[in-house]
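Quick note on labels: first sequence line is chain A, next is B, and so on, each numbered from 1.
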Amino acid sequence: MKENIISINHVHFRYPGQTVYALKDVSLNVAKGEWLAIVGHNGSGKSTLAKMLNGLHYPEEGQVTICNFPLKDEFVWDIRRRLGMVFQNPDNQFVGTTVQDDVAFGLENNGIPHEVMVERVKASLQRVGMLDFLNQEPHHLSGGQKQRVAIAGVIALQPDIILLDEATSMLDPRGREEVLRTVRQLKEEQDLTVISITHDLEEASRADRIIVLNKGSVYREGTPEEIFQLNEELIKLGLDVPFPVKLSEILRLQDFEIASNYLSEEELVRELWTSNFKK
Amino acid sequence: MEKMIFGRYLPLQSPVHELDPRAKLLFIFGFVIVVFLANNILSYGILAVFTLLCIYLSRINIRFLLSGLKPVIWIIAFTFLLHIFLTKEGDLLFNIGFLKIYEGGVRQGAFISLRFLLLILVTSLLTLTTSPISITDGLESLLNPFKKLKLPVHELALMMSISLRFIPTLMDETDKIMKAQIARGADFSSGPIKERVKAVVPLLIPLFVSAFKRAEELAVAMEARGYRGGEGRTKYRLLHWQGKDSAALVLLLVLAALLWWARS
Ligand SMILES: Nc1ncnc2c1ncn2[C@@H]1O[C@H](COP(=O)(O)OP(=O)(O)OP(=O)(O)O)[C@@H](O)[C@H]1O
Ligand SMILES: [Mg+2]
């Protein structure tokens with residue numbers, strides 16, 4: 001059992017003036033160094049949970065601990081420095097007038113000395129492959145490039161956790177792949193914990209673990225294989241099952257023998273073209 | 001629109017481009033005062049030569065600069081005419097019925113128009129040679145002493161830089177909404193003025209709604225990235241005051257002295 005970097009205990013939360021709970025008795029842990037995907041239908045409370053992890057909301061009841069800091073006013077800035085967030089809309093989180101100014105924004109806020117800042121801006125942009133765009137203005141960048149700059153802004157602060165709140169949902173397939181590849185690389189290079197909130201079960205299938213939220217509560221938790229076994233249930237929850245899983249299911253109905261639930265198209269293709277040899 | 005030079009930045013390499021934005025701002029501020037010392041042909045001549053020197057040093061094509069002045073030419077011409085007809089000083093030059101033109105009027109008109117022209121030329125040099133974000137940095141740094149008087153200098157500078165950052169984004173958005181409305185049959189380019197103004201409403205409302213949504217998301221993102229006001233913040237962009245910046249201001253003093261000597 002690995003050490004928990006985030007623990008959430010019986011958390012309840014309502015938006016001011018609302019009677020329904022946006023989060024109802026949510027309990028979950030995040031292990032250090034894991035890639036956790038959080039999925040759920042629209043309005044299931046994913047963004048609310050994400051914002052809580054960043055101290056943008058406080059729980060009404062229950063406790064949240066992040067990197068050994070309890071979620072309280074006095075620690076909120078320490079928490080924000082250790083947990084970096086990338087939001088959905090690439091445009092609405094780009095603060096600087098140029099790429100380098102934007103990466104420096106978080107560093108400036110944290111009072112990092114100028115010389116350190118210059119180094120970190122370069123190093124972070126290098127790591128997301130955007131160093132050549134140092135002086136570029138945001139409206140000359142693609143969505144995927146803007147998200148990579150946002151990631152550079154996050155890693156410049158050397159956080160322990162990166163939280164992506166549907167960071168790829170407004171991107172085209174290429175931009176999406178670009179961004180995910182960048183995050184995967186960063187995670188491998190250093191001991192990062194990644195929480196990715198997503199609608200895209202394809203993306204979630206690459207995680208170590210998936211948590212399904214439904215109407216503000218944790219509905220299921222498990223490895224991608226376990227979660228995709230649920231199949232019909234996921235569809236009922238308003239989620240879209242990845243194509244290979246759907247196809248396997250249909251093939252099984254046609255009396256094809258498919259051993260397990262393949263999450264990637266490649267694996268399924270291999271299973272299919274070798275299936276005749278096994279007979 | 002293409003020819004507008006106000007607020008445009010031309011990223012060239014020149015001694016003027018390399019000056020510290022604070023030096024340029026102070027220079028302009030001083031120049032605006034010094035211009036008023038000129039009051040005769042000699043002093044206006046000195047001023048004109050000085051302005052040409054500035055333009056030369058900025059490496060900006062003078063034709064480009066003058067063609068960009070077209071929108072203000074009318075104002076200058078109007079000022080000139082106003083002085084010609086209304087100033088009644090000196091010898092009478094023309095007398096065509098009710099129209100009396102005096103020598104003093106022509107002189108006044110020419111001087112004031114020239115003064116106006118020179119001011120516009122020099123101030124547009126500021127924006128042409130300094131990127132908007134540098135101007136913001138310069139203003140923030142110059143206004144810093146006023147923090148003691150509770151002037152929210154950091155906030156003003158941040159507002160300016162965020163506006164600069166979002167202008168192109170909102171322009172793109174306007175364009176998109178406009179096309180969407182045109183696709184639905186809206187007509188922005190023909191018809192009586194009243195109709196055209198009406199057509200703008202369905203353009204502005206979505207634009208405002210989206211701008212507010214952007215603002216809200218941006219505020220959340222800024223907070224998530226650790227923004228908590230100007231306290232304890234360091235700066236990524238640093239300004240370096242160098243010898244040439246002091247030299248520029250000395251040059252301005254020399255001009256002032258010359259004008260003082262030349263004026264009558
Ligand atoms: N600012 C707010 N004020 C009041 N209620 C809100 C606010 N933001 C969200 N809610 C409500 O809280 C619930 C959870 O919203 P949340 O944004 O967390 O959902 P989500 O899972 O992120 O959905 P999506 O997939 O659309 O991003 C929803 O019922 C939503 O209507
Ligand atoms: Mg959301």
- For B:R237 and A:D101, indicate whether the former's side chain and the latter's backbone hold a donor-acceptor pair under 3.5 Å. no

- Message: Counting only heavy atoms from other residues, nucleotides and ligands, does the tally under 6.0 Å from NZ of A:K187 exceed 12?
- Response: yes

- Message: Tell me whether the count of non-hydrogen atoms from other residues, nucleotides or ligands lying under 6.0 Å of CD in A:Q18 goes above 12.
- Response: yes

- Task: Please flag which part of A:L107 lies under 4.5 Å from any non-hydrogen atom of chain B: side chain, backbone, both or neither.
- Result: backbone

- Note on the structure: Tested for side-chain contact (heavy atoms from CB on, under 4.5 Å) against A:T97, the lone hit among B:I133, B:I162, B:T136 is B:I133

- Query: Among B:G226, B:A221, B:A219, who wins on heavy-atom pairs under 4.5 Å with chain A?
  - Reply: B:G226

- Note on the structure: Pair count under 4.5 Å, heavy atoms only, with chain B: among A:N89, A:L157, A:I112, A:N92, highest is A:N92

- Task: Pick one of side chain, backbone, both or neither for A:Q88, based on which atoms fall under 4.5 Å of a heavy atom in chain B.
- Result: neither

- Would you say the side chain of B:R228 lies within less than 4.5 Å of the side chain of A:N110, judging by non-hydrogen atoms? yes

- Is B:E216 atom CD crowded by more than 12 heavy atoms from other residues, nucleotides or ligands, each under 6.0 Å away? no

- Query: Where on A:E108 is there a heavy atom nearer than 4.5 Å to chain B: the side chain, the backbone, both, or neither?
  - Reply: both

- Stepwise side-chain contact (heavy atoms from CB on, under 4.5 Å) test for B:L218 and A:F94: CA-CA 8 Å; B:L218 187 73; A:F94 206 111; over 6 Å; no

- Query: Are more than 12 heavy atoms from other residues, nucleotides or ligands located less than 6.0 Å from atom NZ of A:K215?
  - Reply: no

- Given that the side chain runs from C-beta out, which part of A:R80 has a heavy atom under 4.5 Å from chain B: side chain, backbone, both or neither? both

- Task: Find the distance between CG (B:L170) and NE2 (A:H139) and round it off to the nearest 0.5 Å.
- Result: 12.0 Å

- Task: Answer yes or no: does atom OH of A:Y58 have more than 12 heavy-atom neighbours from other residues, nucleotides or ligands under 6.0 Å?
- Result: yes

- Here the pair of heavy atoms bringing B:R225 nearest to A:F105 is NH2-CB, 3.8 Å

- Query: With only heavy atoms counted, which part of A:D91 is less than 4.5 Å from chain B, the side chain, the backbone, both or neither?
  - Reply: both

- Message: Counting only heavy atoms from other residues, nucleotides and ligands, does the tally under 6.0 Å from CG of B:N61 exceed 12?
- Response: yes

- Item | Greater than 12 external heavy atoms within 6.0 Å of B:K244's NZ | yes

- Query: Would the number of heavy atoms belonging to other residues, nucleotides or ligands and lying under 6.0 Å from CD of A:E189 be above 12?
  - Reply: yes

- Item | Residue pair A:H114 / B:K235: nearest heavy atoms and the distance that separates them | CD2-O, 3.3 Å

- Query: Which distance, rounded to the nearest 0.5 Å, do you find between the CE of B:M222 and the CG of A:N109?
  - Reply: 7.5 Å

- So, the part of A:V121 with a heavy atom under 4.5 Å from chain B: the answer is side chain

- With only heavy atoms counted, which part of A:F87 is less than 4.5 Å from chain B, the side chain, the backbone, both or neither? side chain

